[in-house]
Amino acid sequence: MSRRTLAESYEKIPTHIFPNSGAAAKALAAEVKALIEERAKEGKNVVLGMATGSTPVPFYRELIRLHKEEGLSFKNVITFNLDEYYGLTGDHPESYACFMREQIFDHIDIPKANINIPSGTVPGDQVFAHCREYEEKIDAAGGIDFQILGIGRTGHIGFNEPGSSRDSLTRRITLDRVTRQDAAADFRGEENVPHFAITMGVGTILRGKKLVLMAWGENKAEMVAKAVEGPVTEAISASFLQDHPDARFCIDEGASRELTRVKLPWLVGPVSWTPRETRRAVCWQAFKTNRPVLKLTDEHYNEHGLSDLLSEQGPAYQLNIRIFNQLQHTITGWPGGKPNEDDTYRPERATPYPKRVLVFSPEPQDAIVAMGSTIERLVEQGHDVRIVALTSGSLRISDSEADKFAGTLQELAGVVEDSPAWQSQVAYAREVLKQLEDKGEFGEDTPMLRQLKGLILRGELRDAAHACNVGTDHVTFLGLPFYEQGRYRRFKSTEADIEALTSLLREHKPHQIYATGDAADPSSVSGICFKLLESSLKACHKEEWAGSASLWLYRGKEKPLAAHEIDMAVPLSPMQLERKARALSRYGSLSSLELSSPESNRQNASHYDALGLAEYEAIETFQRWSRV
Ligand code: GLP
């Protein structure tokens with residue numbers, strides 16, 4: 001069987017892996033353009049099924065570009081959106097109606113009458129009729145020709161949460177807890193996320209003639225693999241696409257990582273045994289057979305589809321030792337390099353010593369969460385460590401924290417003796433409380449509130465950095481403009497962001513850089529920050545410091561690095577892990593995922609232990625960033 005056919009035997013939905021979301025969006029938009037123009041020539045309409053979330057944003061941007069630069073007209077296009085939050089009016093900034101206006105409809109020539117989005121405000125007793133009419137309207141328009149889909153963390157399409165049946169139609173649905181958690185940042189707190197939505201059903205979606213599901217970034221990888229390779233199940237509504245004659249997945253490399261052909265390529269066909277693939281296969285073999293690397297035998301490799309590797313790099317005895325040594329050499333207590341020591345087998349070079357180290361944190365908590373102990377160690381070992389918070393992170397601070405601050409300020413003014421001198425502070429606190437009240441729980445933060453929330457997070461980072469022995473003068477708040485002017489899922493970076501980053505790099509000329517976001521959804525804060533950093537480093541690549549700087553990637557909100565992906569493993573003692581947890585406690589606004597970071601550090605250690613390496617309490621992990 002050819003490689004493609006073998007892959008297909010695992011993949012029950014045709015899946016195209018693009019190098020990045022931009023390339024996928026371009027290809028899909030070109031396909032839609034061709035369809036619109038072909039129908040226009042025939043004097044016919046096209047019916048498009050539209051999705052929301054960050055996923056379709058690059059696709060919409062490309063459609064807008066085609067309209068503005070290549071004259072694509074949407075006059076013959078009718079659209080139906082998948083869903084809408086129930087309880088939000090169309091002008092609420094998080095309503096899908098508002099999202100669609102901002103992201104596409106306001107920028108193209110589609111007639112308003114052709115736009116259909118379920119209503120979020122239809123009275124409870126009319127929901128059923130409204131949903132039935134929505135179905136009828138789709139049929140009256142001739143059915144959906146081309147349906148765009150994203151995928152949620154519960155594997156849902158539209159808002160068809162686990163349990164949605166194959167034949168479900170447009171209806172009101174209760175949102176899953178995971179879905180509400182994922183929307184928490186958009187709504188400034190989980191408590192503000194609506195509990196219900198109106199969504200097209202799985203059956204409605206499957207009536208579409210052509211279905212394309214897009215997914216970007218590693219956080220989608222697990223669900224993509226389950227939907228594409230797993231059984232068709234109500235637990236993952238995207239898996240129903242397996243039953244459709246013309247459905248496909250268009251994904252980027254990050255979202256493809258859990259597919260068999262990417263994760264276990266030797267099961268699908270011949271593999272080019274690069275050092276990374278070899279390490280992947282050996283670690284997989286060890287985990288699968290529950291044996292440390294040095295105890296794997298020729299039989300183990302042969303029995304699990306790795307005879308190829310064995311004949312190229314075996315026997316097992318030699319292969320095991322080689323990989324064991326590689327893994328062993330990733331472990332270092334000297335993340336900045338060990339001065340005056342042979343560094344042949346160390347992850348980081350010994351010179352120069354001490355190093356100027358820049359640790360980039362997309363939001364002010366990311367770096368401490370992922371590498372707080374490594375930061376502490378770098379400082380302890382004499383390096384000049386600077387933490388750079390790229391954005392203020394103000395959007396993640398809830399109203400209640402701003403409220404608490406203003407309330408305390410007011411009270412303080414009441415108890416200090418020299419109260420007249422506090423008049424301006426009291427006026428500030430009053431204004432904050434008033435603005436909080438005026439905007440209501442769903443309203444947009446005013447610049448003053450955004451500033452205050454940003455300052456709260458700044459204080460938290462300063463505190464946490466201090467707990468890692470980094471002084472306030474070594475914490476930089478860059479406040480990249482893209483973040484200050486946007487909202488989650490709709491950020492747009494510009495040259496101003498690159499300029500700010502480039503001049504910071506030129507000012508500090510780092511020897512070592514830590515960053516994150518390479519595996520993230522490119523429209524997330526860390527995804528955008530990573531791209532910006534790449535561009536800034538490119539801009540400086542001819543400068544001497546940039547050519548020799550070592551670059552390390554850490555994982556923040558994304559899946560932790562797998563054992564074979566780790567190039568530097570910094571072990572933590574129980575005391576160090578405790579200190580890290582203490583540093584994390586300085587933040588008042590960490591998500592449950594972030595709070596569980598010490599646990600994930602412990603898991604890294606148990607993976608290394610299982611591979612037969614020394615048993616540590618916990619490990620922080622890094623991957624070498626191949627030069628931009
Ligand atoms: C929401 C939407 C889905 C979307 C999902 C993923 O649940 N109702 O249609 O696919 O979010 O969002 P994102 O693309 O931002 O990851």
Side-chain angles (χ1 to χ4, degrees), residues 21 24-25 28 48-61 79-88 94-100 102-104 117-118 120 144 147-162 164 168 170-187 190 193-202 204-205 208 211-224 227 236-241 247 249-252 254-255 395 486-491 519-528 557-559:
S21 59
L28 286 173
L48 299 182
M50 309 295 258
T52 46
S54 35
T55 306
V57 169
F59 168 71
Y60 292 153
R61 286 194 185 143
T79 62
F80 286 90
N81 263 79
L82 283 165
D83 45 15
E84 177 61 286
Y85 286 111
Y86 186 69
L88 301 193
E94 285 307 325
S95 71
Y96 286 164
C98 177
F99 180 95
M100 291 304 291
E102 270 181 24
Q103 294 305 312
I104 179 154
I117 302 179
I144 290 172
Q147 175 71 56
I148 287 298
L149 298 164
I151 184 167
R153 201 151 53 99
T154 61
H156 66 221
I157 44 177
F159 267 133
N160 289 286
E161 299 290 24
S164 299
S168 52
T170 304
R171 68 206 185 287
R172 185 167 57 179
I173 192 157
T174 306
L175 296 178
D176 191 277
R177 204 169 60 95
V178 174
T179 303
R180 294 187 63 245
Q181 276 168 1
D182 284 350
D186 310 327
F187 283 89
E190 198 180 319
V193 182
H195 285 269
F196 304 100
I198 294 189
T199 181
M200 280 188 198
V202 176
T204 324
I205 294 168
L211 315 181
V212 178
L213 188 146
M214 301 186 265
W216 326 128
E218 213 178 86
N219 280 349
K220 296 283 167 86
E222 204 172 312
M223 267 309 153
V224 164
I236 299 173
S237 62
S239 69
F240 285 113
L241 265 58
F249 274 41
C250 290
I251 62 179
D252 68 356
L395 292 171
R487 341 177 27 102
Y488 285 115
R489 300 182 210 244
R490 322 175 192 184
F491 294 116
D521 175 340
S523 64
S524 64
V525 177
S526 54
I528 294 172
K557 296 180 190 71
E558 299 74 42
K559 230 173 140 236

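All figures in this text were calculated on a predicted structure; none of them were measured in a lab. Both backbone and side-chain heavy atoms feed into the values below; hydrogens, waters and symmetry mates do not. In listed order, ligands and their atoms are each counted from 1.
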Problem - Side-chain touch Lys557/Ser524, heavy atoms, less than 4.5 angstrom - result: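 SC-SC contact between Lys557 and Ser524 ruled out.
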Handout entry: Distance-only polar pair, side chains of Arg171 and Thr204, donor-acceptor under 3.5 Å
Key =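 Not at all, the side chains of Arg171 and Thr204 share no donor-acceptor pair under 3.5 Å.
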Practice task
Verify the neighbour count for atom CD of Glu190: are there more than 12 heavy atoms of other residues, nucleotides or ligands below 6.0 Å?
Solution key: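 Yes.
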Exercise for the section: May I ask you to decide if Tyr96's main-chain N or O and Glu84's side chain share a donor-acceptor pair within less than 3.5 Å? Expected result: yes
Problem - Flag for Thr174-Glu161: side-chain donor and acceptor within less than 3.5 Å - result: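 No - no donor-acceptor pair under 3.5 Å links their side chains.
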Practice task
Please answer whether the main-chain N or O of Ile151 pairs with a side-chain N or O of Lys220 as donor and acceptor at a distance below 3.5 Å.
Solution key: yes
Exercise for the section: Run through ligand 1 for me and note each protein residue having a heavy atom under 4.0 Å from it, chain first, then residue number. Expected result: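 For ligand 1, the residues that come within the 4.0 Å heavy-atom cutoff are Thr52, Gly53, Ser54, Thr55, Asp83, Tyr96, Gly150, Ile151, His156, Gly158, Phe159, Lys220, Arg489.
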